[in-house]
Amino acid sequence: MDFRLSEDQRALRAGMRDLLAARFPREKLRKSAEADPAKRAPLDRALWRELGEIGMFSLRLSEKEGGAGLGLPEAVLVFEEAGRALLPGPLAATHLAAGLVPGAADGATVVTALEGDGVVEQLDAADAVLLLEGPTVRALPVDDGTGALAAARPLRSVDPTTPLHYLPPADEAMQGAERAGQAKGLAVGRLCGEAALLTAAQQLGSAARTLEMAVAYVKVRTQFARPIGAFQAVQHVCARMLARTEIARSSVYAASLTMTLGDTCAAKLLADEAAVRNARDCLQLHGGLGFTWDADVHLHLKRAWVRQAQWQSAAKAEEALAAALLEDPGDCMTETANRANGAV
Amino acid sequence: MDFRLSEDQRALRAGMRDLLAARFPREKLRKSAEADPAKRAPLDRALWRELGEIGMFSLRLSEKEGGAGLGLPEAVLVFEEAGRALLPGPLAATHLAAGLVPGAADGATVVTALEGDGVVEQLDAADAVLLLEGPTVRALPVDDGTGALAAARPLRSVDPTTPLHYLPPADEAMQGAERAGQAKGLAVGRLCGEAALLTAAQQLGSAARTLEMAVAYVKVRTQFARPIGAFQAVQHVCARMLARTEIARSSVYAASLTMTLGDTCAAKLLADEAAVRNARDCLQLHGGLGFTWDADVHLHLKRAWVRQAQWQSAAKAEEALAAALLEDPGDCMTETANRANGAV
Amino acid sequence: MTAVDLTRTREEEDFRRRLRDWLHRTLPTLPPKPSPADWPARRAYDCAWQRALYDAGYAGLHWPADAGGQGATPTQHLIFLEETELAGAPYVGANFVGLLHAGPTIAVEGTATQRARWLPPILRGEEVWCQGFSEPEAGSDLASLRTRAVRDGDAYVVTGSKTWTSHAEVADWCELLVRTDLSAPGHRGLSWLAMRMDAPGVTVRPLRTLAGSTEFAEVFLDEVRVPVAQRVGAENDGWRVTMVTLSFERGTAFAGEVVACRRTLALLARAAQENGQWEDAALRRRLGRLNAEFTALWRLAQWNASEAAHALRTGGRGVPGVGASVFKLRYSHARQDLYDAAAEALGPLSLDAGHEWTLERLSSLSYTIAAGTSQIQQNIIAERILGLPRGR
Amino acid sequence: MTAVDLTRTREEEDFRRRLRDWLHRTLPTLPPKPSPADWPARRAYDCAWQRALYDAGYAGLHWPADAGGQGATPTQHLIFLEETELAGAPYVGANFVGLLHAGPTIAVEGTATQRARWLPPILRGEEVWCQGFSEPEAGSDLASLRTRAVRDGDAYVVTGSKTWTSHAEVADWCELLVRTDLSAPGHRGLSWLAMRMDAPGVTVRPLRTLAGSTEFAEVFLDEVRVPVAQRVGAENDGWRVTMVTLSFERGTAFAGEVVACRRTLALLARAAQENGQWEDAALRRRLGRLNAEFTALWRLAQWNASEAAHALRTGGRGVPGVGASVFKLRYSHARQDLYDAAAEALGPLSLDAGHEWTLERLSSLSYTIAAGTSQIQQNIIAERILGLPRGR
């Protein structure tokens, strides 16, 4: 058993970080978060293709299918970097669609997803929508002529960098998509778990980033003639932020290896909590500055709220983890051997 | 509207504090909390009679009935002092029984109560048991010959100063007491609310006392060459203890005036929380010393746990407060005029 | 024996009934609410409401009569806050600083001339005030502020910058805290000035909040001349004057909001009942607990009002005590918890910034920062109320 | 590409299988557990278990081979903790200090003679150690300790008092931290000694805990002679030696308990199902969240073990890093939350101190205090991991 990252994994993560630093610098993030919605940059399709080229969507496909034959552990590292940079877009959905929807793997197509709660990310920018309810996975072209998505109404998304649509769950138009009342098929269950984990990885990246931002700020912000980071109350807030981040990290990395229900639910729950609470703490430590549009911290908080609602809510994760307690005689710590490299 | 205490009320409270300092000093508390159960002092009947003489049980009876014609606001002040000193015994039950059970008013009789959860305090020391389920209030002599309480088994009470018995709810012997399945009568509902409030008052007293203990200790305990009360993390723990105490105090005092469901439930919930959490914080601030039997802090915590479970649990209070939200168009802040002096 | 008493007096009951009648008659006659982004329209709306209050005899309710106020009891003030909130009346809005900070400060600390000049226009809704205390480098540590005022004849020449100033774009006056003695450290050497916002050298730059609105502004001061006659209190005594103002801010300012929060909570319960989330015991119990918290906060406000009334009767000026920090600390967190609970009750629609509760969730984030962070409140409680040794 | 890997190696799987078989055969042959209050019987029981481990080749599993240990990987150590816990094997008990503090310290810092004298009896369950670090006036601020050791020929003469010493009544040896240079302030001037508990001048007075048991004792030292040869590490270098010991304490010591907590949690769910409380979604979700927390803590322990294994491979001695503070901080609170949740699930029976979970609830209260309070852990994380300026 070795939980540490390999050299190759470190290189993969560093490569993703470098790419995002070069192609999605802070100015681009700010451009997509313009206070005036009309001036916001739309989803950057050129960047999407570049993400496709470096394998963000295809890395778990076999080499024969044009992928890198890697596994969830590597995908998690790449998604963590995306979360750190607040890279916008339906990254998890397009990643899941690689191999299912033509063009998803290489970033030529943007694929979003419709989940049980009826919220769809980036519907205007997307070419196709994954439907993950019912026994099988289906993909629907956004303009399929049937008007299945016509009832979707745009929300004024709380996260300026993530446009959202809402499709009321009882909508007649979606009955053809067999959304309601059917047990999830095995493949659908697995994909939902993977999406939850990749989303958790993004939350982890954001949590680590807001911790960094907070620590950097409290070291330089001076009040009462010393850096506020010398105040014990501030120090302890930062310490708890680190603890949240590291607990979430072990949970996310472990789930990428085992993909058990328990690990995955724990990963989503703890990474959501780390992202939301770290962003709030970071905001508090920034004082009035943290409350301004020009600081980045609100973008982390708002994105964390969006990701928290996606794929698996806290209520669902907690109920699943509670139910697992009854099924399990107590030795769930003994993980089953992980699927080698977790390739799909 | 005047929320402040009157001179007479301050005098009443000071009188109770003086009496307890003289007749129930710390040594008596420690004697009733001997680590060896065989050496513990039993309930002090002489003190009980003295409490009766100063009107602890009868103060809300009319002067014609031998009482002082006072109201719940005064009772709450007296019970707050009892909680502060951790005075043992079924104080609330005996207070409720004044006028119902002979000898309760003057402290000649010790009356305990059996609540829905089946826990009875000081059954061995008591002369009678109040039954507060069903449409009417009943009192049962402890040795009534019917064996109704024979099934009660002694618990090894977590609070060494509060002996407890447990009567399983489904017990056949209690069917005659009409415990299950009946709506509470008006009188029963009112008495339960009063008992919850008087218990909350004791919790408030305990919360205020553990705050005092914590503040006194952190002023003198020195580590790293200064009083630990100069550390911001310690200061903030104390500040939150004070906030909990004062929120509970306004809530308890207000409920003693209005006796509305909302005020009473809020008072019990917030006073329970203040007592339990202040005791835990006080323990933490005392470090290893707080973990010893010889320090008093554990007695506050254990009593707070017992009182928390009595008369109204957090779950019940929260559900009642939630239900009140649906019934109420939003103007529950506008209290109805309180019953003059709240006399029974 | 006189009991602690929540029974209102006949005067108080009459007061409530008259106020309720007046609100019932008056509110339907108000113009529609202006757009949140239109500051001049908001000013006009808020000032019209203040004028209506003035005409009806409700302006400056809690101000002493000798300052032009109604000399109402603190309890009447709470009744006013409760009834206006329950009736859905406009908020104090642009007149917040005038009515709740600057005005009361001038009433307590100003000269007769100053009171005569500044108080009536505040009460009539004719002049709007803003606050110039915080600076980019002086937030929690207000005493480290750097904006300097150099005496030049009968005026101060003021240079520096202020931030987090609400309503700066539409204000007539600014209550300004400046350093008049550059050699004195910290809180010594500060003075409290009233500055005209249209004075030459004043530049206002709006700050956008995370909610997308421009609630605050930066105010840049470049050699602005402020007559010495516009100083309130003695030169270099501004810290004490300011503390009076801040304790007003931390006392009564939020009491009305508690009523509003309790009302939102009831609406939230209804919404959860409609969308099925009410079946979730965890959410239900969370809302029940919030009900306890807001009920208790309202009781604490009443308690504080009784204390203030007592101080008034015994010769004090009704300045809220340090206990207001307890209220501020708990209320700030309760408000944030409320809108977090609202998000849970709303489900996916909590991501819709078009929903009022989502916007309120965003703006609630400032509550643990503005008007003294929660950290500062806890310092105050620890050191001033509990007497713990000075934290280092 | 080599993946992050939770797959166990064949060696690890073989290790687990052999251990499981051995536990299956051995546990039924153990004598019944002694009464918690009978310390000599507890010592005998714990030492017999340690001897059984020794005979089976499991003693000092994580100690280096050159210290008489099995030189097992950190992963094997975790497997050992997991399997012994799942099988319901005895805890380390009286041998805690010897196996987890003093022994590893001597293994890293002791001379060859010291290692030969002290380590084998620890591994064979023949000698029991206790810890003499804290003093009444030196808790969180350990470096302020006052117990002094004055050199007199080939011995130190030690006078002072120690507290919170577990198993003092039945221990043979005490790892003792003393001040050897009275003129040096704070952590300078301290030395680490091994003291016989039967030396003249040693008096033990049991301390009763709030759970009613006597887990700890005070140890009074009145001119106790300790041979200089029993000093580990250089004179006045005791602080560094102690830090090695403490980082052991904060690292691996609690990993096995996480498995036990997870197991208790499952039993708790069953109990709630039986008494009907499982219908309460608020309790259910609380238990689900605790499941996430303990699952993640176990993963963090595995992560830390991987880091320690890496340090071993690259030449370090496997001393747990400061990251162990994160584990300690979260675990302490999770354990307290667990038994608070147990009280909610038990309902009125949570007031019965005869119930195991109620006793555990009481003893869990020490977790945020002992072995470095949560406040100290957060200081360590802030200053040593995050590099924040020294708190004052």
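So that the names make sense, note that chain A is the first sequence line, chain B the second, and so on, each numbered from 1.
Using a 4.0 Å cut-off between charged nitrogen and carboxylate oxygen, A:Arg13 and A:Glu74 do not count as a salt-bridge pair. Checked for salt-bridge contact, D:Asp21 and D:Arg25 miss the test: no charged N lies under 4.0 Å from a carboxylate O. Looking at A:Glu194 and A:Arg190, a side-chain N of the basic residue comes within less than 4.0 Å of a carboxylate O on the acidic one, giving a salt bridge. Under a 4.0 Å N-O distance rule, the pair D:Arg17/D:Asp14 qualifies as a salt bridge. In this structure, A:Asp263 pairs ionically with D:Arg299, as a charged nitrogen and a carboxylate oxygen lie closer than 4.0 Å.
Of the atoms belonging to D:Arg285, heavy atoms from both backbone and side chain fall under 4.5 Å from chain A. Interface residue A:Leu270: only side-chain heavy atoms are found under 4.5 Å from chain D. Contacts of D:Leu287 with chain A are made by both backbone and side-chain atoms, with heavy-atom separations under 4.5 Å. Within the 4.5 angstrom heavy-atom criterion, atoms from both the backbone and the side chain of A:Cys238 approach chain D. For A:Ala248, no part sits under 4.5 Å from any heavy atom of chain D, backbone or side chain. Interface residue A:Val218: only side-chain heavy atoms are found under 4.5 Å from chain D.
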Full working for side-chain contact (heavy atoms from CB on, under 4.5 Å) between D:Trp22 and D:Leu19: CA-CA 5 Å; D:Trp22 179 76; D:Leu19 173 61; 4.3 Å; yes
If you apply the rule side-chain contact (heavy atoms from CB on, under 4.5 Å), what do you find for D:Gln277 with D:Glu344, and how did you get there? CA-CA 9 Å; D:Gln277 298 257 33; D:Glu344 189 172 342; 5.6 Å; no
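Note on A:Glu319, A:Glu246, A:Arg244, A:Arg240: by heavy-atom pairs under 4.5 Å with chain D, the leading option is A:Glu319. Chosen from A:Val237, A:Val215, A:Val234, A:Val252, the residue pairing most often with chain D at heavy-atom distances under 4.5 Å is A:Val215. Ranked by heavy-atom pairs under 4.5 Å with chain A, the list D:Ala269, D:Ser374, D:Ala281 is led by D:Ala269. Per-residue heavy-atom pair counts under 4.5 Å with chain A were compared for D:Ala272, D:Ala382, D:Ala301, and the maximum is reached by D:Ala382. Contact count versus chain A (heavy atoms, under 4.5 Å) is highest, among D:Leu329, D:Asn379, D:Leu267, for D:Asn379. Contacts with chain D were tallied for A:Ala320, A:Ala315, A:Pro227, A:Ala267; A:Ala315 has the most, counting heavy-atom pairs under 4.5 Å. Of the listed residues (D:Arg286, D:Gln76, D:Gln273), the greatest number of heavy-atom pairs within a distance under 4.5 Å of chain A belongs to D:Gln273.
Remark: of the listed residues A:Glu80, A:Arg84, A:His300, A:His300 is the sole one forming a side-chain hydrogen bond (donor to acceptor under 3.5 Å, both in side chains) with A:Ser206.
Evaluation of the side chain to side chain donor-acceptor pair (under 3.5 Å) rule for A:Glu273 yields D:Arg289 as partners, not counting sequence neighbours.
Looking only at distances, a side-chain donor or acceptor of A:Gln235 sits under 3.5 Å from a matching main-chain atom of A:Gly229. Formation of a donor-acceptor pair under 3.5 Å by the D:Thr373 side chain with backbone atoms of D:Ile376 is found in this model. Without hydrogens or angle criteria, A:Ser58 side chain to A:Leu61 main chain gives no donor-acceptor distance under 3.5 Å.
Residues of residues 207-214 of chain A having a heavy atom under 4.5 Å from any heavy atom of chain D, listed by number: A:Leu211.
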